[in-house]
Amino acid sequence: MIHYRKRLYLVITISLATIMIMLFFDKKTNLPSVKNSLCRGIPTINTITPLKDNRTFIIAPYFDNRKNKMTRVISIVHHKDVKELYCWFCNSSSGEIYISKAEIYVHSDRFDFPYGATDLKCLEPKDWEPRFVSIHWSPKGDIDQLPLFEIRNRDPEDSLVEFTVCISTMFGEYNNVLQFVQSMEMYKILGVGRVVIYKNSCSPLMQKVLDYYIAEGIVEIIPWPIDSYLRVSSRWRYSVDPKDIGYYGQITALNDCIYRNMYRSRYLLLNDMDEIILPVKYPNWKTMMQNLQVQHPKAAVFIFENHIFPKTVFTLNDPFNISSWRTIPGVNILQHVLREPDRKHIVNPWKMIVDPKKVAQTSVHSVLQAYGNKVNVPIDVALVYHCRVPLQAKLPRESLINDTTLWRYNVTLVGKVSKVLQQIGL
Ligand SMILES: *[C@@H]1O[C@H](CO)[C@@H](O)[C@H](O)[C@H]1NC(C)=O
Ligand SMILES: *[C@@H]1O[C@H](CO)[C@@H](O)[C@H](O)[C@H]1NC(C)=O
Ligand SMILES: *[C@@H]1O[C@H](CO)[C@@H](O)[C@H](O)[C@H]1NC(C)=O
Ligand SMILES: *[C@@H]1O[C@H](CO)[C@@H](O)[C@H](O)[C@H]1NC(C)=O
Ligand SMILES: *[C@@H]1O[C@H](CO)[C@@H](O)[C@H](O)[C@H]1NC(C)=O
């Protein structure tokens, strides 16, 4: 009797465990609809999927009917070697395949690297709505061997936030913890709803910080193992560092961020982790954008001037040299409120706030294709606070401009940052 019961418990335990494992993997692969579909192929789970030609890397396909009824596949291709690609659309209820030749559109901002951000534009079948697509270099082949992608944005239903910051590529064992936490807390003060980070690599300590913000529900990580497939440059131009692709594939990540968040966020901010689009005339992004949008109802792209606050120059009589922060690796931005003046004959680069529904293709400092106007926001309204190594290192301190806009948030910022560091246990 006891034996029998033991065995029964064992059976129940194993069944439960199996169910749990199945549920877990179901969640993890995030491809629930493949199961009930007649579409064949190899379901993809990674952010970057190489095709067999080793010259084409698929990020993700997105439904886009703003001009034609098409699927736009965000990808990376070798600009010379890849001449022909096909979308194999699959009807998940009948298994029918519709093959459509892709228009291969390599973005103009490639900066001479052989690989670049690319849109594969495929017209969809007229009378049905494909949910899955495979990409192949030929209209012939064995579908079972091709990677199968779910087409995103077909029926958008995710929660809408007002502002999302897209951080393209965290790399190089990133460990600038203090500046990261300060940027995050500033974004939150200014109104961020979500921060999407394309992560290549970071330090273990930084991972702890990321885990904190993931648990908080603010940060979303998109794995970005681009260096597993291509030789990446940490510079933006081929001539300075001749590799396969520029800046860890930053432009591709930004374009993916646009489409991934098109229906999840009213606005996207495209800036780096060491940059804050800082309102001068308004207390936060919401009031700023409400005012700017009223003044420019047709605008899709708002560009902000980038200004360098050298991390090598500290303020005198420093009120924010906070003792509990001194052991944390990274820059304390409150100590850097002196900014470099404009240079003659050199235009400051920009960073942007965009309405993603009106953007087709983006680069880093400008949008390449949009359904709407561009607005240059003057620096008495807002600027990009960018704390990094100086561009004009030889300038004496007296030539720098005392710009304490950031200090308006000092009380709130210091409180929030200290609380986060304490909760993480730093
Ligand atoms: C692609 O790369 C893999 C792994 O490096 C290699 O085995 C394969 O032969 C390559 N295929 C082509 C078509 O170059
Ligand atoms: C499959 O095709 C049929 C007719 O061709 C269409 O009515 C149906 O909506 C399609 N289903 C899917 C899931 O695409
Ligand atoms: C901050 O304070 C510590 C301790 O007083 C001092 O050693 C350090 O030089 C200060 N840093 C700056 C940038 O003023
Ligand atoms: C910079 O401005 C702040 C407040 O506007 C002031 O307290 C500080 O003394 C100024 N610093 C310098 C170096 O001029
Ligand atoms: C810090 O912020 C408060 C307002 O919250 C302001 O009164 C104070 O002047 C700021 N401190 C500095 C050094 O700017």
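Just follow the structure's listing: the first ligand is 1, and inside any ligand the first atom is 1. Excluded from the calculations below are hydrogen atoms, water molecules and symmetry mates; all remaining heavy atoms, backbone and side chain alike, are included. The shown structure was predicted, so the numbers you read here are calculated from the model rather than taken from an experiment.
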Check this for me: does any side-chain nitrogen of one of Lys69 and Asp64 sit under 4.0 Å from a carboxylate oxygen of the other?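 Between Asp64 and Lys69 there is no salt bridge, as every charged N stays at least 4.0 Å from the carboxylate O atoms.
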Are Lys188 and Glu216 close enough for a salt bridge, meaning some N to O gap below 4.0 Å? yes
Going by heavy atoms, is Glu129 under 4.0 Å from ligand 2? yes
Looking at ligand 5, does Thr404 have a heavy atom less than 4.0 Å from it? no
Candidate list Phe89, Phe149, Trp88, test ring-ring contact (aromatic ring centres under 6.0 Å, His included), partner His136, passing option: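 Only one of Phe89, Phe149, Trp88 forms a ring-ring contact (aromatic ring centres under 6.0 Å, His included) with His136, namely Trp88.
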What residues form a side chain to side chain contact (heavy atoms under 4.5 Å, CB included) with Pro378, not counting sequence neighbours? Asp380, Val381
Disulfide (SG to SG under 2.5 Å) contacts touching residues 246-306 (sequence neighbours left out):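 Those involving residues 246-306 are Cys166-Cys257.
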Of all pairs that satisfy disulfide (SG to SG under 2.5 Å), the ones with a partner from residues 260-334, not counting sequence neighbours: none
Near ligand 3, which protein residues have a heavy atom under 4.0 Å away? Phe314, Asn321, Arg326, Gln335
Side-chain H-bond candidate by donor/acceptor type, Thr287 with Asn284, under 3.5 Å: yes
Would Ser93 count as being in polar contact with ligand 2, using the rule that some N or O on each side must be under 3.5 angstrom apart? yes
